[in-house]
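Structure first, then comments.
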Number of protein chains: 2
Amino acid sequence: MTETFKPPSQADVAALAGVSSQTVSRVANERSNVDEETRQRVLSAMQVLGYRPNSAARALVTGRFRMLGVISFSLSAHGNSRTLQAISEAAQTAGYSVNLVGPESQTGGAMRKAFSKLTGQGVDGIIMIEAQILDHPDLRLPSGVPVVVADGDPDQLHPSVDNNQAVGAEAATAHLLGLGHRTVWHLAGPQDSYSARRRAAAWFSTLKRAGAPVPAVLYGDWSAGSGYAIGRRLAEDKDVTAVFVANDHMALGLIKALREAGREVPRDVSVIGYDDIPESGFFHPPLTTVHQDFEEVGRLCVSLLLDQLAHGHRPGGEERSMVTPQLVVRESTAPPPR
Amino acid sequence: MTETFKPPSQADVAALAGVSSQTVSRVANERSNVDEETRQRVLSAMQVLGYRPNSAARALVTGRFRMLGVISFSLSAHGNSRTLQAISEAAQTAGYSVNLVGPESQTGGAMRKAFSKLTGQGVDGIIMIEAQILDHPDLRLPSGVPVVVADGDPDQLHPSVDNNQAVGAEAATAHLLGLGHRTVWHLAGPQDSYSARRRAAAWFSTLKRAGAPVPAVLYGDWSAGSGYAIGRRLAEDKDVTAVFVANDHMALGLIKALREAGREVPRDVSVIGYDDIPESGFFHPPLTTVHQDFEEVGRLCVSLLLDQLAHGHRPGGEERSMVTPQLVVRESTAPPPR
DNA sequence: TCTCGTGATGTTTACGCCAACATCGTAGCC
DNA sequence: GGCTACGATGTTGGCGTAAACATCACGAGA
C-alpha cells in the first residue's frame, strides 16, 4: 500500500495539453508571448494534474530560491518574534518564503555557522534580527548573499533597519525630568546588545544636556527576574525617584521589588519601560513606556532586502532606515514625592 | 566591477583533488567506501575552494529538501513562539532547516494555501502549530507530505503533540475547589481554539464531578484587553470568588478590572492563569498558573515528524504525544472570603 | 593457479526546469 | 509577389547532484 506518489512534471502537463514543455514553462512563469487559447489549455491541464513547479529544479537552473533567511537569537524576546512575524508576512506577500535559524550562541563563530547554514540551504538574502556580533567577523562570506540587519550594530557593513532608540530613550528620560525629578536612574539591557547600548547612550546624553547628575548604569538581562533583582537593590536608595528601564519585562520585575520594599509606583518612584508590549497597559500600575513599531521594522527589512536583490547589492551598503518610537504615558510616572 | 561569483561545484573539487566528481559526492555524503587518504585529499580541496553542496541540485535528485515547514498562526501568542523556537532548534540539530509561513486567516482556505505554499517550496514535512481548522478540509494534499499537529484538533487525521490540557485545567479547577470555593468561573480562550475548548471541557467535568454548580463560560480572545473587559462584568457579581482563566495575559487584564472595582485578588477573588509565562511570577499579585512545557512540545513535534520521514508515514497517523503541565501555586489564590 | 568476492573508484544517466536558439506561419509593406 | 518582421511555439542543452552500473586491483580460498 505504499504507493509512491510521483508529482507531475512539466512534461506531463505538456503531453496532456498537446504542447511542448517549454510552453508550459512559459505559462508557469507568466511570459507574455503565449497565445491566450493555448494558455488556457495549459492552465487547465495543470489543474487536472495538480501540477506544481518543482522549486529545486527551478532554483537549480535560475540560481534563485525565492527564499529569505532570517537569523534570530531568541524568539522569547517580544520584539524579535513580532519582527519575525512581520518579516514572514512581508516576505510572503512578495512571493518569498522564510528560512529561520537561531545560532546556538551569540559568538561570531556561531553566527558564521548560522550564516553559512542559510547560504548552504540556498537563500537569496539574509535578515539578522538583533545582531550582536562581539568580535566583528566579516560576515560577507563568498556566497555573495545580501544582508540586512535589524536593530544591529551601527558600525556594521550591511544596510540596516533600526528602531530609533535615541528618540525613544530621550523622550522617556525627558518625560521624567520634565515631571520634576532631579535625575533619572537607568536599568539597561545586557551590555552586548546594541539596542540596549543606544538606549543607555541617549539616556546619558539627555541627562548631561539637562545638567542632571548621572547615576551609574545598572544592567539586567531583559528578564523580569533581573529587573526584580536590581529593583531590590535600588529600593534601598531613597534618592531614587525615577527609573528608566530598558524594557517592559524588567520594569515589571522592578516595580514588584519596589512595592515589596514599601515604595509605591508612581507615588515614591516613577518607572518607565520600553517596548510597549500588549500587556503593559494592564500592569499595576499601567506602565508608561515607549512604543516600538516592530511590524514596520520587519516590513522595512524585507523591502530593503528585496531592493538589494533587484538592483544588485552594492558592497558599501550604507542604507539605514529608522523607525520612530512613541512615548506612551500611562500611570507609572508622576512628579517626585515632596 | 560586478564580478559574478560562481560557486565551485563538485566537478571543480574533483578536478583539484584529481578524482571523479562521484568520489567528491561520496565524501560530501560521508559514505564509508572511500579510502581515507583520498577522503582527506578531497576534503582539503573542498576547503581550498570553499565548496558547499548545492542544495537545489541535491534536492532535485534525491527528492529530499532537508527542510521542515512550520505553519503558525500568530507568533505573538507566547506559546507559539516558544514552540517555534524549540522546533527550530530541534530541526537544526537534526540537520533540517525550518520554513515558516503564517496563513492570512484561520479559514480552511487560507490554511490550504499556506500548506500548498510549503509543499510548493519543497519541504519534507510540515508542523502546524495551534491548528484550528474550522471546516475540516482534508489537508493531506496529493503532495504526500507527512504532517504533525501541535495543540490541534483531536479529531485530526495527523499525528499530534499536545499539552495535556485536561490535566492542567483539572488541576487548576480542583485547586480552587480545594481551597473551599463553592464553584469556579471560567474565562476561556476563543471558541475556535482547540486548546481553549479542552481546557473548558476539563474545567466543566471537574466541576460536575465535584457536584459544584457550573457557571456560564465566558469567552475572551487571549488578550489582556479581553480579560479586562470580561473582568469588569464579572466584578459586579459578588458570587464570583474564583476564576480559572485560560491564559496568563487574560488573567492580568481580569485582575486589573477586579482591582478597579474594589475587589482584591486573592482576598475577594481567587484567579488562576494558564501558560506560566516568564512574567507571571512578577504580576501583582504573583499569579498562580499552569506551567506548560512548550519546548518539549516543539521537540516532540520534530521527532515525530522525523520518525515519519524515516519510516514512511502511515496514513492513519494516530500517534499522539502528550506533555504534562504543572500547577504552579503563587499568590493569586486563597480561600474564599467568609 | 584460477576464480571469486570485495572495496575503491570511475562513467553514465536522469532529476525538472529554463535559457538560448531554431522554426514556422502570418501580416505588413514595397 | 516576394520580402521582412514578429509573434507563437518547438528543440537542444546544461544547471549540480546522486543513483545505478561498470571497472579495476588485490587478496583469499579452492
Side-chain angles (χ1 to χ4, degrees), chain A residues 4-43 45-46 49-67 119-124 142-143, chain B residues 4-43 45-46 49-67 95 119-124 142-144:
Chain A
T4 326
F5 180 80
K6 174 74 156 35
S9 74
Q10 267 185 358
D12 301 324
V13 176
L16 179 58
V19 297
S20 77
S21 79
Q22 183 53 220
T23 300
V24 177
S25 168
R26 281 191 264 255
V27 171
N29 292 289
E30 296 174 335
R31 304 296 162 118
S32 53
N33 48 347
V34 177
D35 188 79
E36 181 55 26
E37 197 250 356
T38 315
R39 213 178 73 85
Q40 287 306 332
R41 198 145 37 90
V42 171
L43 243 27
M46 283 178 172
L49 296 174
Y51 169 75
R52 328 220 58 220
N54 179 316
S55 68
R58 177 176 283 176
L60 178 59
V61 72
T62 61
R64 298 268 153 154
F65 296 82
R66 296 203 72 78
M67 184 151 66
T119 57
Q121 254 303 328
V123 294
D124 302 319
S143 61
Chain B
T4 326
F5 180 80
K6 175 75 157 29
S9 74
Q10 269 185 358
D12 300 325
V13 176
L16 180 58
V19 297
S20 77
S21 82
Q22 185 54 222
T23 300
V24 177
S25 168
R26 281 189 266 255
V27 171
N29 292 288
E30 294 174 339
R31 303 295 162 118
S32 52
N33 45 350
V34 177
D35 189 80
E36 180 57 25
E37 196 249 355
T38 314
R39 214 177 73 84
Q40 288 305 333
R41 199 146 34 91
V42 171
L43 243 27
M46 283 179 173
L49 296 175
Y51 169 76
R52 328 221 59 223
N54 178 316
S55 69
R58 177 177 284 177
L60 178 60
V61 73
T62 61
R64 301 266 154 152
F65 295 81
R66 296 201 74 78
M67 182 150 68
T119 57
Q121 254 301 330
V123 295
D124 301 320
S143 61

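Each chain gets a letter, A, B and so on, in the order the sequences are listed, and its residues count up from 1. Below, each value reflects all heavy atoms present in this structure, side chains not excepted, and no hydrogens, waters or symmetry copies.
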For [X], which contact category applies under a 4.0 Å heavy-atom criterion: base, sugar-phosphate, or nothing?
X: Ser25(B); result: base
X: Ser21(B); result: nothing
X: Val34(B); result: sugar-phosphate
X: Asn33(B); result: base

Requested in this report: Confirm from the modelled atom types if Arg52(A) and dG16(C) form a donor-acceptor pair under 3.5 Å, side chain to base only.
Outcome: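 Such a pair does not exist between side chain and base.
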key: Donor-acceptor pair present, Arg31(B) side chain and dG7(C) base, under 3.5 Å   =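 Side chain to base: no pair present.
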Starting the side chain at C-beta, find the nucleotide from [options] nearest to [X].
X: Leu60(A); options: dG16(C), dC17(C), dC18(C); result: dG16(C)
X: Ser20(A); options: dT9(D), dG10(C), dG10(D); result: dG10(D)
X: Arg58(A); options: dT9(C), dG10(D), dC18(C); result: dC18(C)
X: Tyr51(A); options: dT17(D), dC17(C), dG10(C); result: dC17(C)
X: Gln22(A); options: dA19(C), dG16(D), dA8(C); result: dA19(C)

Are [X] and [N] close enough that a side-chain N or O sits under 4.0 Å from OP1 or OP2?
X: Thr23(A); N: dG10(D); value: yes
X: Ser32(B); N: dG7(C); value: no
X: Gln10(A); N: dC18(C); value: yes

Note: Tyr51(B) and Pro8(B) closest approach over all heavy atoms is CD1-O, 3.4 Å
Check: How far apart are the closest heavy atoms of Gly63(A) and Asp124(A), and which atoms are they?
Finding: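 Result for this residue pair: O-OD1, 4.2 Å.
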Euclidean distance, atom [atom1] of residue [X] to atom [atom2] of [N] [Å, nearest integer]:
X: Asp12(B); N: dC15(D); atom1: CG; atom2: P; result: 11 Å
X: Arg66(A); N: dC17(C); atom1: CZ; atom2: C1'; result: 16 Å
X: Asp35(B); N: dG10(C); atom1: CG; atom2: C1'; result: 15 Å
X: Asn54(B); N: dC17(C); atom1: CG; atom2: P; result: 16 Å
X: Arg64(A); N: dG16(C); atom1: CZ; atom2: P; result: 24 Å
X: Glu36(B); N: dT9(C); atom1: CD; atom2: P; result: 11 Å

Exercise for the section: Run the numbers on Glu36(A) and Arg39(A) for side chain to side chain contact (heavy atoms under 4.5 Å, CB included), then give the verdict. Expected result: CA-CA 5 Å; Glu36(A) 181 55 26; Arg39(A) 213 178 73 85; 3.3 Å; yes
Taking the side chain as C-beta and beyond, is there a heavy-atom pair between Val42(B) and Arg26(B) under 4.5 Å?
-> no
- Measure the CD-OG distance between Gln10(A) and Ser20(A) for me, rounded to the nearest 0.5 Å.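 Rounded to the nearest 0.5 Å, the CD-OG separation comes to 9.0 Å.
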Interatomic distance, CZ@Arg52(A) vs OG@Ser9(A), rounded to 0.5 Å, equals 14.5 Å
Assert: residue with more 5' nearest nucleotide on DNA chain C, out of Val61(B) and Arg39(B), is Arg39(B)
